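Here is the structure we will look at.
On a predicted model such as this, the values are computed, not experimentally measured, just so you know. So that the names make sense, note that chain A is the first sequence line, chain B the second, and so on, each numbered from 1.
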Amino acid sequence: MTTTVQTKSMTMIQGINDALRIMLEEDENVLVLGQDVGVNGGVFRATEGLYNQFGSERVIDTPLAESGIIGTSIGMAANGFRPIAEMQFLGFIYPAFNQIMTHATRIRQRSMGRYTAPMVIRAPFGAGVRAPEIHSDSVEALFTHMPGLKVVVPANAYDAKGLLIASIEDPDPVLFLEPMRCYRSSRTDVPEEKYTIKLGKAAVRKEGEDISVFTWGAMTIETMKAVEEIEKEENASCEVIDLRTLYPMDKEAIAASVQKTGRALIIHEAPASGGVSSEVMAVINDTSFLYLRSPVERVCGFDTPVPVYSLENEYIPSPEKIKHAIRRCINF
Amino acid sequence: MTTTVQTKSMTMIQGINDALRIMLEEDENVLVLGQDVGVNGGVFRATEGLYNQFGSERVIDTPLAESGIIGTSIGMAANGFRPIAEMQFLGFIYPAFNQIMTHATRIRQRSMGRYTAPMVIRAPFGAGVRAPEIHSDSVEALFTHMPGLKVVVPANAYDAKGLLIASIEDPDPVLFLEPMRCYRSSRTDVPEEKYTIKLGKAAVRKEGEDISVFTWGAMTIETMKAVEEIEKEENASCEVIDLRTLYPMDKEAIAASVQKTGRALIIHEAPASGGVSSEVMAVINDTSFLYLRSPVERVCGFDTPVPVYSLENEYIPSPEKIKHAIRRCINF
Amino acid sequence: MLDQFPMQQIINEEGNVNPEVQTDLSIEQIKRFYYLMLRARMLDKKSVNLQRQGRIGTYVQYEGQEAAQVGSAAALEEGDWMFPTYRDHAATLTFGHSMRNLLLNWRGRLEGGLPPEGVNIFPPAIPIASQLPHAAGTAWAEKKRGTDRVSLVYFGDGATSEGDFHEGLNFASVFQVPAVFFNQNNGYAISVPMKKQMHAKTIAQKGLGYDMECARVDGNDVAAVYTAVKEAVQRARSGGGPTLLEAVTWRYGAHTTADDPTKYRDQSESDKRRETTDPLLRLERYLKLEEAWTDAWASSLEEEINDEIEKAIEEMENYPEADISQLFDHVYDVPTWTVQEQIEEHLAVKGRKA
Amino acid sequence: MLDQFPMQQIINEEGNVNPEVQTDLSIEQIKRFYYLMLRARMLDKKSVNLQRQGRIGTYVQYEGQEAAQVGSAAALEEGDWMFPTYRDHAATLTFGHSMRNLLLNWRGRLEGGLPPEGVNIFPPAIPIASQLPHAAGTAWAEKKRGTDRVSLVYFGDGATSEGDFHEGLNFASVFQVPAVFFNQNNGYAISVPMKKQMHAKTIAQKGLGYDMECARVDGNDVAAVYTAVKEAVQRARSGGGPTLLEAVTWRYGAHTTADDPTKYRDQSESDKRRETTDPLLRLERYLKLEEAWTDAWASSLEEEINDEIEKAIEEMENYPEADISQLFDHVYDVPTWTVQEQIEEHLAVKGRKA
Ligand SMILES: Cc1ncc(C[n+]2csc(CCOP(=O)(O)OP(=O)(O)O)c2C)c(N)n1
Ligand SMILES: Cc1ncc(C[n+]2csc(CCOP(=O)(O)OP(=O)(O)O)c2C)c(N)n1
Ligand SMILES: [Mg+2]
Ligand SMILES: [Mg+2]
């Protein structure tokens with residue numbers, strides 16, 4: 001028996017919109033709320049059309065107050081709803097830090113399971129779209145040190161839709177990070193129907209033998225470019241793994257790949273120190289120490305704020321830098 | 001020529017109080033502010049006597065609003081003062097996250113050096129004093145991924161005084177974390193006069209040959225205990241390094257020790273994932289890969305919130321667990 | 001503003017009923033309030049003793065605030081939501097929390113945050129003012145579902161300084177949710193007196209910025225508190241939106257058993273108030289004036305409550321030790337592999353030792 | 001509340017002076033305001049064009065809000081502090097910011113946040129409302145030093161929802177610092193209209209919760225804005241504490257050049273307002289009534305301003321490219337080893353490639 005799945009070529013922003021629509025249709029407890037998500041359809045158009053289809057009781061323009069948005073979402077989640085709260089940019093999540101850190105992530109434990117916070121916090125993030133300062137912050141690492149939360153980062157339309165639906169259905173709070181640079185940079189074939197991608201599972205973007213390259217979000221773009229080039233320039237075969245979920249990380253996938261290749265490189269645009277790369281290194285250390293043929297390398301943002309946009313191209317890890325690191329690893 | 005330094009046996013809380021008093025005396029631009037720091041002398045008595053000595057214009061009881069405390073401190077710092085702001089517990093710093101992340105740490109760069117924020121944020125932290133939930137959070141890692149900020153953690157009275165004075169004199173914002181459990185747990189001889197300890201420098205608490213154990217704050221207590229015991233139980237010699245500054249980390253000290261011993265263990269009470277231990281591992285990877293004889297080990301808190309106090313002894317890394325990790329490392 | 005927000009009172013310090021107020025509170029209801037306040041006070045006093053004896057940990061007393069807490073809690077109905085702070089055990093007890101669990105709270109037990117099934121009480125909020133948006137959220141959810149349930153949230157004078165106070169009130173007013181913001185103005189946030197906390201003379205007036213109903217009541221007059229909260233709750237139930245209430249009260253004791261109030265205030269003020277504004281004494285005076293008081297009745301109550309408390313203490317002390325599974329249970333619905341590995345390691349090391 | 005906070009006006013839409021108001025504004029001052037507003041408007045229009053031509057990046061327009069910004073900025077004196085948002089370039093320009101640097105801001109240059117030496121303007125705040133506590137802080141510092149300098153902080157209607165709005169006002173009022181909180185209520189926070197932002201009918205009334213002086217002015221009447229701010233500034237200077245002012249205005253255009261306002265409002269409202277409430281047109285009418293207007297004067301101003309703008313654009317376009325050192329300079333006083341290593345590596349890879 002074969003089933004045919006209707007697919008449609010979508011940008012990531014369409015995949016996200018589609019996931020939201022499907023879940024709003026399916027479950028009357030699903031709500032979308034945030035600044036400009038209603039009438040305006042979101043500053044990136046992620047919620048376009050939803051206000052008209054579902055009305056102001058389900059797709060809600062809120063006051064400009066991140067702590068209020070998350071705080072009231074916690075109350076609604078504890079009382080039966082499934083809020084999907086948008087932070088207009090990840091760099092504006094900081095005022096809600098207390099609500100996320102002390103409540104969204106802890107209410108399940110604090111109430112011994114009586115109250116839970118099944119909610120999704122969506123946030124566009126990352127550099128490369130020439131946005132003003134703060135807008136481009138990549139602070140995913142902060143949220144991987146926050147027990148009770150899951151952190152998800154899709155890199156294409158297919159993953160975005162499947163991971164977002166899985167996040168909405170997840171019984172725990174999920175931070176869903178949307179790399180702005182991927183919103184419209186490419187299209188993928190996406191099933192029109194509902195499907196989910198299990199949280200916590202990485203995706204092998206490209207198989208290879210000589211080095212494992214770990215990345216996520218928009219840095220998959222630079223990474224794939226670098227890998228394509230270097231495979232032509234050198235006699236090297238690279239494995240590229242998109243982690244997709246940053247907490248909990250896919251330990252098996254990391255270990256399996258490093259144990260095969262013996263070398264590892266991690267790419268992210270956030271500052272190196274305290275970045276998620278360190279945790280990937282820790283997982284490699286814990287699982288694959290004896291397999292390593294060279295130190296783990298990382299290519300990351302500088303230990304500086306993401307710069308104003310005139311300098312962001314210097315800031316974002318370039319294919320050149322990635323290639324350099326691959327070479328150093330392979331020739332160690 | 002010899003100079004005699006007058007010393008006094010002090011607890012850490014006395015060392016802190018002494019540092020504050022000396023700096024308030026020396027520099028009229030130094031201010032102390034926070035909740036209950038004035039008339040009451042601080043909930044841990046860190047500011048005892050200062051209100052009476054310096055008056056309400058220099059030692060200031062503020063409203064109960066962390067963002068307001070840090071935000072106004074930024075304005076005062078940019079306008080010539082050196083505020084020392086107390087967060088009553090580190091777990092209550094979260095409402096000020098935005099002010100720290102987007103302003104205190106960035107105003108120097110955003111204004112190309114015109115405005116700066118030479119301020120210290122003091123915060124008691126850590127488990128083990130049977131405090132209610134949130135009070136015991138150890139979230140130092142979050143602040144090591146925040147370019148523009150320095151993060152300091154003393155473990156005894158001598159370091160507390162010298163590091164706090166250095167922090168107050170530092171031209172950049174410093175987060176000064178005070179392990180509550182160390183406040184009165186021991187005494188050290190502390191010079192009565194003013195002295196500083198350079199930020200960014202670790203301290204070798206005990207030299208050894210077979211393994212490097214890195215830790216900071218209250219975990220120096222468990223670590224020293226474990227090391228003392230294991231050196232009797234096994235034929236092993238352990239080097240213990242108190243990092244003291246978590247950002248920027250003392251790379252030289254870490255590398256020198258690991259290159260000598262070939263083994264490393266990191267202890268902290270914060271959750272393992274995304275903890276500062278991962279960054280120490282990264283530094284070891286980057287500097288000392290070829291010297292490593294076994295995987296780096298870590299003994300940390302669980303990936304859970306710090307529990308309510310009935311379970312905190314299960315949560316805090318025990319000497320037993322530290323010994324176990326040392327054995328595993330040495331017998332690898 | 002003091003004129004605009006006079007302190008509403010029904011029973012004054014001498015036990016006389018304000019002749020200008022229409023109240024339909026019966027003697028029976030007043031007696032019930034007296035019982036509830038006595039129960040709360042006796043539990044509080046006992047808890048302070050338990051702390052001194054080392055049988056529970058640091059404790060947060062509420063003596064003096066019984067009228068504010070009992071009067072407000074009594075205005076709720078089953079199914080309503082309550083959001084307490086660490087100091088609001090008189091309120092949660094009144095609303096049906098388990099005395100044993102309240103005591104377990106001070107033993108550092110998660111059970112302390114767990115009310116009986118069907119009683120909607122959030123675990124007490126520790127980060128000041130963070131619970132206000134939650135209350136707006138649960139109320140909003142009820143409004144969306146079309147029920148008539150309301151949310152009642154407690155917070156102190158100090159809490160009004162936090163951003164979450166403002167955001168909670170603003171959301172509640174914008175979405176006109178059925179929430180009652182109940183402030184206990186006990187004059188101090190630990191050592192910080194109200195005049196250092198705000199330039200405003202009342203907390204009630206803070207409702208003006210949200211075009212929200214707001215009022216100020218004598219928080220030591222249980223009848224006034226009950227009446228004001230009842231009115232606010234009714235308004236909320238019937239779609240009239242949120243209310244901000246300020247109940248002016250006083251804590252007799254320290255901020256917590258770890259606090260020394262003599263560092264920042266003259267405790268003789270508390271002694272004076274015990275003789276004057278005390279919420280229980282006031283009802284005693286009232287009931288005596290109404291000739292509804294007998295010493296026998298009062299001591300029978302005391303006996304009954306004493307038994308209840310002793311039983312709860314026994315249950316608390318016999319309660320099984322916290323199991324290590326409580327560390328990681330309920331962090332996620334299903335524990336992540338990180339925690340699983342950590343716990344296995346932990347148990348392995350412990351086992352080795354044992 | 002609308003009655004309690006009437007919209008203060010000095011020059012009405014037809015250019016007539018409100019006979020009930022005592023004003024000592026001279027014709028010369030009004031002409032100066034006209035010039036400053038024209039300068040701001042011409043720069044704004046030019047900037048929108050530059051953005052369309054790709055010569056600067058996304059731009060935030062303020063057309064329509066010139067009276068609010070110019071009138072308030074003109075009330076400051078040298079040494080005072082200004083805290084703008086991304087939309088307040090008419091204010092910063094008036095207070096002495098460099099036109100070239102303002103343009104560089106839209107090229108993603110740090111210089112955009114840097115005013116000339118001696119001009120105290122903070123870089124424009126991006127996280128909404130975060131600048132209010134800063135303004136309270138600089139004002140507090142001046143008070144401590146005993147100077148008479150004040151802080152003036154700009155923020156929008158949307159900003160009033162953030163916790164920092166509340167905390168900033170509360171600190172300012174508790175410590176009675178010389179700060180003026182100047183709200184530009186342009187009716188929208190991106191797409192969100194005021195009525196979804198707050199239940200209150202005015203922003204001025206939010207001062208009541210802090211016992212703070214507060215008032216509401218016609219933000220398109222530069223004379224009214226100037227007068228109200230001047231009064232608040234004088235009060236602050238002389239120890240009278242902070243003030244909250246609401247200036248009711250309107251942005252004609254989009255939120256930014258990346259925004260499409262037709263998604264959420266009828267732009268014909270802007271067209272209508274250009275003919276009625278416009279701040280420049282109003283002064284033109286006033287000056288004509290006063291027989292102080294000549295077309296020659298107006299076009300000489302235009303010419304002068306045009307030259308200034310063209311010169312600034314040239315400077316902006318000839319400005320040297322951002323050097324990579326700007327990435328790490330000024331992150332710390334002295335760069336940490338981490339950054340140093342990262343930059344060395346970066347330059348090495350670049351060098352290798354070059
Ligand atoms: C965000 C936050 N900051 C600081 C504290 C520490 N703290 C605990 S109680 C308290 C005072 C609270 O005063 P108030 O709101 O008046 O309530 P009360 O204790 O008087 O009932 C403070 C500062 C906290 N719990 N949370
Ligand atoms: C903390 C924060 N949240 C969200 C944003 C995104 N944002 C930028 S401008 C804006 C609307 C601001 O409205 P208002 O305060 O009325 O000022 P206006 O833009 O109308 O001048 C929003 C939501 C931000 N910059 N900061
Ligand atoms: Mg209080
Ligand atoms: Mg606006």
Given heavy-atom pairs under 4.5 angstrom as the criterion, report whether the side chain, backbone, both or neither of C/Val192 touches chain B. both
Under 4.5 Å heavy-atom distance to chain C, tell me which part of B/Phe302 shows up: side chain, backbone, both or neither. both
For chain C, find which of B/Gln35, B/Arg328, B/Glu312, B/His135 contributes the most heavy-atom pairs closer than 4.5 angstrom. B/Arg328
Whatever's closer than 4.5 Å to a heavy atom in chain B on C/Ala129 counts as neither
Indicate whether any N or O donor in one side chain lies under 3.5 Å from an N or O acceptor in the other, for B/Gln14 and B/Glu48. no
With ring centroids as reference points, do C/Phe83 and C/Tyr154 lie under 6.0 angstrom apart? no
Heavy atoms only, distances under 4.5 angstrom: which of B/Arg130, B/Lys323, B/Arg45 has the most pairs with chain C? Name it, please. B/Arg45
With a 4.5 angstrom heavy-atom cut-off, could you sort out which part of B/Phe44 is near chain C: side chain, backbone, both or neither? neither
Between C/Tyr86 and C/Tyr59 (judged by ring centroids, cut-off 6.0 Å), do the two rings come close enough to count as a pair? no
Is C/Pro193 close to chain B through its backbone or its side chain, or both, or neither, when contacts mean heavy atoms under 4.5 Å? neither
Scan side-chain atoms only and decide if C/Asp164 and C/Ser130 contain a donor-acceptor pair under the 3.5 Å cut-off. no
For C/Ile190, which atoms come within 4.5 Å of any heavy atom of chain B: side chain, backbone, both, or neither? both
One option among C/Ser161, C/Gly163, C/Ala189 has the most heavy-atom pairs under 4.5 Å with chain B, and it is C/Ser161
Chain C contacts, top residue of B/Val43, B/Val308, B/Asn40, B/Leu64 (heavy-atom pairs, under 4.5 Å): B/Leu64
Rounded to the nearest 0.5 Å, what's the gap from CD1 on B/Ile70 to CD1 on B/Ile100? Could you check? 5.0 Å
Which bit of B/Arg298 is near chain C, if near means a heavy-atom gap under 4.5 Å: side chain, backbone, both or neither? neither
What residue in B/Thr62, B/Leu311, B/Val39 has the most heavy-atom pairs under 4.5 Å with chain C? B/Leu311
Main-chain N/O of B/Gly38 paired to B/Asp61 side chain as donor or acceptor, under 3.5 Å: yes
Assess whether atom CG of B/Asn331 is packed by more than 12 heavy atoms of other residues, nucleotides or ligands within 6.0 Å. yes
If you measure only the distance, is there a donor-acceptor pair under 3.5 Å linking the side chains of C/Asn186 and C/Thr249? no
May I ask you to name which of C/Asp259, C/Thr58, C/Ile343, C/Asp157 has the most heavy-atom pairs under 4.5 Å with chain B? C/Ile343
Verify whether one side chain among C/Gln184 and C/Asp88 offers a donor that lies under 3.5 Å from an acceptor in the other. yes
Take atom CD of C/Gln53 as the centre, draw a 6.0 Å sphere, and report whether it contains more than 12 heavy atoms from other residues, nucleotides or ligands. yes
Side chain, backbone, both or neither: which part of C/Glu345 has a non-hydrogen atom closer than 4.5 Å to chain B? side chain
Name the option with the most non-hydrogen atom pairs under 4.5 Å to chain B; the candidates are C/Gln326, C/Lys263, C/His255. C/Lys263
